[in-house]
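It should be emphasised that the depicted structure is a prediction, and the values quoted were computed from it without experimental measurement. Whatever order the structure lists ligands and atoms in, that order sets their numbers, starting from 1. Numbering of residues begins at 1 and proceeds along the displayed sequence.
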Amino acid sequence: MSKVPELYGSMVFNEDVMKQALPVDTYRALKKTMRDGKSLDIEVATVVANAMKDWAVSMGATHYSHWFQPLTGITAEKHDSFIAPDGHGGVIMEFSGKELIKGEPDASSFPSGGLRATFEARGYTAWDPTSYAFIKDGTLCIPTAFCSYGGEALDKKTPLMRSMEAINRQALRIVRLFGSDATSVKVTAGPEQEYFLIDRKMFDRRKDLIYTGRTLFGARPPKGQELEDHYFGAINPRVSAYMAELDRELWKLGILAKTKHNEAAPAQHELAPIFTTVNIATDHNQLTMEVMKKVAEKHGLYCLLHEKPFKGVNGSGKHNNWSLCTNTGVNLLEPGSSPYENAQFLLFLCAVIRAVDEHQDLLRISVASAGNDHRLGAAEAPPAIVSMFIGDELTEILEAIANDDPYVGKEKVLMKVGVHVLPKIPKDTTDRNRTSPFAFTGNKFEFRMLGSTASIATPNVFLNTIVADVLSDFADRLEDRTGADFTTALHELIKQTYIEHKRIIFNSNGYDGEWTQEAHRRGLLNLRTTPDCLPYLVRSENIRLFERHRVYTERELRSRYEILVENYCKVLRIEANTMIDMVKKDIYPAAIKYQKLLADSIVSRLAVLPDVDLSEDKALLEKLSGLSKELLVGAARLQSILDAADEKTTQLDRAVLFRDELIPAMTELRFAADEIESNSSSEYRPYPSYGEMLLTV
Ligand code: ADP
Ligand code: MG
């Protein structure tokens with residue numbers, strides 16, 4: 001077993017490899033491209049491509065692939081081998097600069113939400129040199145953006161890169177006001193990933209998991225998560241072996257897998273990487289999810305990434321830790337030690353506060369999916385209401401500024417921004433509230449509403465854009481001020497922003513039912529479901545916002561809306577069809593078999609013992625018989641709703657029908673099946689039980 005530092009990044013065409021493999025001037029040109037985001041000229045690309053190919057071949061690779069992130073939310077790859085005829089009946093391994101820079105996959109089967117006319121099937125992929133190429137399964141994977149021929153983004157990476165540019169532009173304007181000589185501001189992200197592991201044999205016997213990623217049936221086991229004995233518990237040997245191999249595979253890919261532990265629900269775990277630049281963190285999170293699944297197979301396990309695989313136990317989320325960092329190494333969300341640094345910190349803090357308050361709808365939309373609807377607001381995950389936690393100290397400081405009151409900290413000082421030093425803010429006091437959707441945790445924000453399956457791209461695109469928008473306004477207001485005038489303007493801006501947007505701050509328990517009412521009084525949005533929030537995406541102010549920062553064109557934004565609504569409908573349709581299938585083919589047949597056994601036993605026992613009291617047996621039979629009828633009625637009801645959905649003219653109408661009628665009907669149908677499960681012999685259960693799946697790995 002090789003040592004970790006040697007293993008780390010061994011499958012990545014990273015700095016070290018580049019330095020060794022590239023001539024000095026090529027290396028410099030490439031670095032410049034990576035730093036400035038300029039496109040690479042073809043001569044340089046040719047040299048890089050050749051070096052990449054030689055390295056990849058020496059590592060055993062035979063193919064290359066442009067690796068991209070279409071709007072399906074997963075990654076896509078098309079493999080081409082390096083071979084080219086050598087003219088003498090043999091082959092040589094070849095990879096040109098053109099092939100590195102640009103690919104032309106047939107785009108017609110990827111969702112485009114109307115962006116790509118059917119006659120224009122081709123899209124193209126363009127190399128993102130800021131994210132290193134890597135080898136996966138014998139293929140050199142080149143991270144790329146994916147666009148239509150008209151230049152419209154068909155993927156998640158392109159808008160992410162654009163949003164990074166947007167926030168870079170605006171944040172630089174601000175830091176310059178504070179005398180910084182930084183030339184770039186990058187977004188950093190560290191996504192904590194939750195997942196479930198179950199035995200592969202169990203998975204194979206659950207059609208619902210196979211088709212939908214979550215269980216659609218299943219009675220509560222005698223023991224679930226009530227003893228709270230799983231969170232941070234000792235990791236059992238089988239899971240431990242899995243995690244060890246997972247770490248090694250991720251390290252090879254240059255992914256900074258750092259923390260692993262058991263989560264709250266049985267069979268639930270978490271992996272957190274060390275943060276990095278957001279586009280790389282996004283690529284890495286996509287890879288992490290893929291590797292998690294692959295390594296599980298090797299261990300006879302199955303990795304479930306769905307937001308709600310099991311009813312009655314916690315679902316899985318993804319915490320998106322987010323901050324801003326200058327190329328001079330300053331974390332802009334780190335409270336500083338000088339008055340100026342502090343003033344800058346407070347300004348960025350207020351920018352985020354205002355952005356979150358003004359764009360609650362967008363943050364909610366950025367995490368919306370059929371799967372995540374099961375979590376948000378279910379008292380296990382942050383509510384669907386977007387609010388912010390900033391902790392008592394910062395709240396007191398901002399209150400003191402707002403009221404021109406002395407700040408009652410350790411020493412009493414009248415907080416004058418730009419003049420006073422902030423008291424040291426202990427990290428642990430800002431990190432306790434686990435129920436907040438958007439929490440300040442010492443030197444970064446943690447956006448906690450993300451579902452476990454989804455790409456982190458969209459939440460970060462939205463976050464970057466809304467913060468960029470506020471920073472742009474701040475810069476407009478501050479740029480012509482100097483000296484004392486600047487300090488006064490700054491103080492006023494912080495004060496005014498806090499006063500206008502403090503309604504978004506909520507430092508208490510977000511799972512509390514009273515919060516819903518309080519939030520309503522404050523005028524905060526409560527967009528409970530995906531169909532509730534999606535229409536907000538295409539409101540004119542949101543279209544203008546994204547256009548203003550050149551992140552999405554109107555057409556691009558509308559296409560995302562179409563895809564999101566359509567996806568919601570598709571997911572629910574598949575779930576309903578799976579339920580119908582399971583009821584008709586497995587659950588109902590098993591139920592009547594068991595009832596026959598009961599009925600036969602009643603008849604034969606009465607024959608032998610005519611006076612025996614079989615009233616309970618008969619009652620059970622009657623109950624099961626009634627529930628079986630409900631199965632058939634319920635399945636027919638799902639079918640009729642699905643048929644009715646076909647008659648709807650818009651996708652949104654369909655989504656609303658599914659939310660209002662299909663989901664409740666699915667819940668009823670499940671109830672009947674779960675009651676049968678709870679009252680029947682396990683021999684007649686057509687699939688593994690919750691207990692078997694959750695408590696046996
Ligand atoms: P926890 O949330 O479990 O207390 P930490 O707060 O230390 O743990 O970190 C959680 C995640 O936040 C990790 O993925 C970490 O890399 C990431 N993180 C830490 N600092 C930053 C930062 N400045 N920007 C983005 N992510 C960060
Ligand atoms: Mg955390």
N/O to N/O below 3.5 Å, does that happen between Lys444 and ligand 1?
yes
Under 3.5 Å between any N/O of Pro191 and any N/O of ligand 1: does that happen in this structure?
no
Looking at Phe506 versus Trp515, is the centre-to-centre ring distance below 6.0 Å?
yes
Member of Thr144, Asn279, Thr158 meeting the side chain to side chain donor-acceptor pair (under 3.5 Å) criterion with Asp128
Asn279
Just so I know, are the side chains of Lys252 and Ser10 near enough to count as touching, which here means a heavy-atom distance under 4.5 Å?
yes
Let me confirm one number: the OG1-CD distance from Thr288 to Gln193, rounded to the nearest 0.5 Å.
7.5 Å
Nearest heavy atom to atom 11 (C) of ligand 1 wins, so pick from Leu256, Thr276, Asn331, Asn321.
Asn321
So between Ala439, Ala272, Pro273, whose heavy atom ends up nearest atom 15 (C) of ligand 1?
Pro273
Going by the atom numbers of ligand 1, which of them fall below 4.0 Å from some non-hydrogen atom of Ser323?
22 (C), 23 (N), 24 (N)
Atom indices of ligand 1 within 4.0 angstrom of Gly190 heavy atoms, with elements
14 (O), 26 (N)
Strictly by modelled atom types, are Glu446 and Asn320 linked by a side-chain donor-acceptor pair under 3.5 Å?
no
Classify the side-chain pair Ser455/Gln69 by whether it contains a donor and acceptor separated by less than 3.5 Å.
no
Under 4.0 Å, counting heavy atoms only: does Ile274 come that close to any atom of ligand 1?
yes
Honestly, for Glu192 the part within reach of ligand 1 (heavy atoms, under 4.0 Å) is side chain
If you measure from each non-hydrogen atom of Thr259 to ligand 1, which part falls under 4.0 Å: side chain, backbone, both or neither?
neither
Is it the case that atom CZ in Arg503 sees more than 12 heavy atoms from other parts of the structure closer than 6.0 Å?
yes
